[in-house]
Amino acid sequence: MKFLALIPARYASTRFPGKPLADIHGKPMIRRVYERVTARFADCYVATDDERIKACVEAFGGQVVMTSTTHRSGTDRCREALDKVETMTGERFDVVINIQGDEPFIADEHLAKISACFDDPGTEIATLVKPFAPDEDITNPNWPKVVVSAAGEALYFSRSVIPYMRGVEVAEWASKHRFYKHIGLYAYRSEVLRKITELAPGVLEQCESLEQLRWLENGYRVRVAETTTETVSIDTPEDLKRVLEKLCE
């Protein structure tokens, strides 16, 4: 099984322009992500549309591939990067791992678990979930929820709390049921990645603004692996400030 790890990285973030280049104790964020990923995957590229990010990655010795500025999502950017890397190297990859460029502390456990999903030849797409901690707000729409089948596949993703617990006070839901938070790490078989990026946005995706619903709506199966390790995404300068303060404690 040959894996290609791709790290989509844009400069023009609305909430945090230039985020991949933000300094985290002497290293740009994108370098910290890259170093964690390459500790497990030999074939790793940053996929970007910006020359400043390209220059940064090349300066620390990383591999980078330039992609279009018009992509709607990291998945679309990964599709173009896959095609370009295969053309450049002459190699063929079985699975693409899509790692977000704003997770400089991604755990090796996450990378190991998502790649292990493809030990099953029937796995088309894989992602991760984590049980909500007792002190976390399950009603927060910024934390998508997932319900999982007995076979270990995603049944649905939602910004709403799912499942709804009939006859139970909302304040008691978290103590009565194991709710799962979606961890935004994806992996796809290469041929599946090429197919899903040809799909038009679906009704469910447009309702929830969750790209993965497009895949479910079109009959693709999403294998789920469970982790107990939290992720630390950095979406805003305030998030970065909190992370830096925590590291200094």
Side-chain angles (χ1 to χ4, degrees), residues 1-13 19-20 29-31 33-38 40-50 53-54 56-57 62-104 106 110-115 117-118 123-128 144 154 157 182-202 205 209-216 218 220-225 231 233 235:
M1 184 73 65
K2 194 165 181 61
F3 292 93
L4 174 63
L6 295 173
I7 308 170
R10 294 188 316 118
Y11 190 92
S13 168
K19 177 169 59 173
M29 186 186 304
I30 194 65
R31 180 173 183 173
V33 179
Y34 187 90
E35 288 177 347
R36 290 198 171 223
V37 174
T38 52
R40 174 159 292 273
F41 298 112
D43 295 296
C44 177
Y45 289 78
V46 172
T48 187
D49 59 2
D50 191 272
I53 295 174
K54 177 177 182 285
C56 173
V57 175
Q63 300 186 107
V64 61
V65 58
M66 292 299 291
T67 55
S68 171
T69 59
T70 62
H71 289 308
R72 298 170 298 174
S73 69
T75 302
D76 293 328
R77 196 174 302 283
C78 282
R79 171 11 192 328
E80 183 187 357
L82 167 64
D83 291 341
K84 286 192 170 182
V85 171
E86 288 193 337
T87 298
M88 287 189 307
T89 64
E91 297 187 72
R92 291 295 174 264
F93 297 92
D94 302 297
V95 174
V96 172
I97 313 289
N98 175 357
I99 302 101
Q100 295 187 35
D102 60 1
E103 295 199 1
I106 187 168
H110 293 158
L111 301 175
K113 287 197 169 187
I114 201 165
S115 56
C117 290
F118 293 88
T123 299
E124 298 177 323
I125 303 170
T127 194
L128 300 181
F157 298 83
H182 181 224
I183 303 296
L185 176 67
Y186 297 106
Y188 339 75
R189 290 201 186 272
S190 296
E191 67 273 16
V192 172
L193 173 59
R194 291 186 169 103
K195 289 176 181 177
I196 63 176
T197 51
E198 297 298 325
L199 298 172
E205 175 187 2
S209 190
L210 294 174
E211 176 191 17
Q212 58 271 35
L213 291 175
R214 186 190 321 179
W215 314 333
L216 292 183
N218 283 276
Y220 287 93
R221 294 154 52 201
V222 180
R223 173 74 60 184
V224 170
T231 58
S233 296
D235 296 318

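This structure is a prediction, so every number in the text was calculated from the model and none was measured. Only this structure's heavy atoms are used, side chains among them; waters, hydrogens and symmetry mates stay out.
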Backbone N or O of [Y] within a donor-acceptor pair of the [X] side chain at under 3.5 Å?
X	Y	value
Tyr34	Gln63	yes
Glu124	Tyr220	no
Lys84	Met66	yes
Gln212	Phe157	no

With [X], which residues qualify under side chain to side chain donor-acceptor pair (under 3.5 Å), at least two apart?
X	value
Arg31	Glu35
Arg214	Glu205
Thr67	Arg77

Just wondering, do Glu198 and Arg79 contact through their side chains at under 4.5 Å, heavy atoms?
yes
Validation row: Asn98, Thr75 side chains within 4.5 angstrom (heavy atoms)
yes
Can you name the residues that form a salt bridge (Lys or Arg N to Asp or Glu O under 4.0 Å) with [X], not counting sequence neighbours?
X	value
Arg221	Glu153
Glu191	none
Glu86	Arg92, Arg194
Glu211	none

Grab the two heavy atoms, one from [X] and one from [Y], that are nearest each other, plus how far apart they are.
X	Y	result
Val37	Cys44	CG1-SG, 3.7 Å
Gly101	Ile7	CA-CG2, 3.6 Å
Ala9	Val46	CB-CG1, 4.0 Å
Phe118	Thr123	CE2-CG2, 3.7 Å
Cys56	Ile30	SG-CG2, 4.0 Å

Charged N to carboxylate O under 4.0 angstrom, Arg10 versus Asp49?
no
Is any side-chain N of the basic residue among Lys19 and Asp102 closer than 4.0 Å to the acidic one's carboxylate O?
yes
Using the test side chain to side chain contact (heavy atoms under 4.5 Å, CB included), find all partners of Thr70 that sit at least two apart in sequence or belong to another chain.
Ser68
With sequence neighbours left out, write down each residue that passes side chain to side chain contact (heavy atoms under 4.5 Å, CB included) with Leu185, or none if nothing qualifies.
Ile97, Ile99, Ile106, His110, Leu111, Ile114, Leu128
In this structure, are over 12 heavy atoms from other groups packed under 6.0 Å from Lys195 atom NZ?
no
Run the ring pair (Phe, Tyr, Trp, His ring centres under 6.0 Å) test against [X] and tell me which residues pass, sequence neighbours left out.
X	value
Tyr11	none
Tyr186	His182, Trp215
Phe3	Phe41

Please step through salt bridge (Lys or Arg N to Asp or Glu O under 4.0 Å) for the pair Asp94 and Arg189, ending with a clear verdict.
CA-CA 6 Å; Asp94 302 297; Arg189 290 201 186 272; over 6 Å; no
